[in-house]
Amino acid sequence: APPPDLTLTSDGDGVVRLPVASPGMWNLRAAQTVPAAGAATVPATWDVWWATLVFATADAGSTPGASTVTPAPAHAAGGDSTDAVRVVEGFHAALARGDSAAMLALLAPDVLVLESGDVERLADYRSHHLPADIAFARAVPATHSVVGVRVETNTGWVTSTSAARGHVNGRAINSVGAESMVLTRSAAGAPWTIRAIHWSSHQGAR
């Protein structure tokens, strides 16, 4: 079951301590209320500032090749970015365990995949790069860190970085990468679908 909602108040220094007691996705929303500037001349008494932080914690039994998330800034205008991040993480978790059906279920029929200098549609990706991506992910442990999330109404952008080190087919791998995913949904509260993926990578530092 998901953890219950928590309501916290900052101390005199503006510090809030969040008790993260279980693994999974967390969505932290903060509001700061201050006296409105120029309140004597405009019909406003308070200014309210909002911020959202999406992050995740993994349990000790995580699969070595599975994705993990580090805290990332999230700007949720007209929607909740938590579900968009969860779809991206679900895609990477399915990739790490070799579950092609679960991966494909998260992709839109008109998805575009940009990888290794190629632009592939769904059928091309399924028959060409997908098997190789699964083989690589299952052979080489990797970390996956969300570094940016933005949601505007029914379109979301999730930006991530990754690092992979290990061996595949007798070859040493030390790679760092960047990923951008574009997601859409039919309406607020509807499931997110991945419409475009862009991957790039280069040799990691020795």
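Note that the structure is a prediction, hence the values are computed from the model and not measured.
- Under a hydrophobic clustering in which Ile, Leu, Val, Met, Phe, Trp and Tyr are joined whenever their side-chain heavy atoms come within less than 4.5 Å, directly or via other members, Leu122 and Phe91 fall into the same cluster.
- Smallest separation of non-hydrogen atoms from Val140 and Ala164: CG1-CB, 3.8 Å.
- Cluster annotation: Trp157 is not connected to Val85 through the hydrophobic network of ILVMFWY side chains, with a link wherever side-chain heavy atoms come within less than 4.5 Å.
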>> Before you tell me yes or no, could you show the steps for Thr184 and Asn154 under side chain to side chain contact (heavy atoms under 4.5 Å, CB included), namely the whole-Å CA-CA distance, both residues' side-chain angles and the distance that decides it to 0.1 Å?
In response: CA-CA 6 Å; Thr184 61; Asn154 296 319; 5.9 Å; no
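- With hydrophobic clusters built from ILVMFWY side chains whose heavy atoms lie under 4.5 angstrom apart, Val111 does not share a cluster with Val182.
- Here the straight-line distance linking atom CD1 of Ile173 with atom NE2 of His167 works out to 8.5 Å at 0.5 Å rounding.
- Rounded to the nearest 0.5 Å, atoms CG (Asp118) and NE2 (His129) are 5.5 Å apart.
- In this structure, the separation between CG on Leu106 and NE2 on His92 is 10.5 Å, given to the nearest 0.5 Å.
- Distance OG/Ser100 to CG/Leu130: 6.0 Å, rounded to 0.5 Å.
- In this structure the side chain of Val87 never reaches within 4.5 angstrom of the side chain of Met181, judged on heavy atoms.
- Expressed to the nearest 0.5 Å, how far CD1 of Ile197 lies from OH of Tyr125 amounts to 6.0 Å.
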> Could you go step by step and tell me if Asp124 and Arg121 meet the salt bridge (Lys or Arg N to Asp or Glu O under 4.0 Å) rule?
Replying inline: CA-CA 5 Å; Asp124 296 326; Arg121 297 190 178 276; over 6 Å; no
> Could you walk me through whether Val113 and Val119 pass the side chain to side chain contact (heavy atoms under 4.5 Å, CB included) check?
Replying inline: CA-CA 6 Å; Val113 180; Val119 179; over 6 Å; no
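- In terms of heavy atoms, Ala108 sits closest to Thr193 at N-CG2, 3.2 Å.
- What you find for Ala137 and Ala96 is that their closest heavy atoms are CB-CA, 4.3 Å.
- Between the side chain of Arg185 and the backbone N or O of Thr153 there is at least one donor-acceptor pair closer than 3.5 Å.
- Trp199 CH2 to Glu179 CD: the interatomic distance, rounded to the nearest 0.5 Å, is 6.5 Å.
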>> Please evaluate residues Asp133 and Met103 with respect to the criterion side chain to side chain contact (heavy atoms under 4.5 Å, CB included), reporting the C-alpha separation (whole Å), side-chain torsions for both, the decisive distance (0.1 Å), and the verdict.
In response: CA-CA 11 Å; Asp133 287 345; Met103 292 174 62; 5.6 Å; no
> After noting the C-alpha distance and the side-chain angles of Leu112 and Arg195, does the key distance pass the side chain to side chain contact (heavy atoms under 4.5 Å, CB included) rule?
Replying inline: CA-CA 6 Å; Leu112 292 177; Arg195 300 291 296 275; over 6 Å; no
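- Shown here is Arg97, whose CZ atom has more than 12 heavy atoms of other residues, nucleotides or ligands within 6.0 Å.
- Scanning all heavy atoms of the two residues, the minimum distance from Ser186 to Ala190 falls at OG-CB, 3.4 Å.
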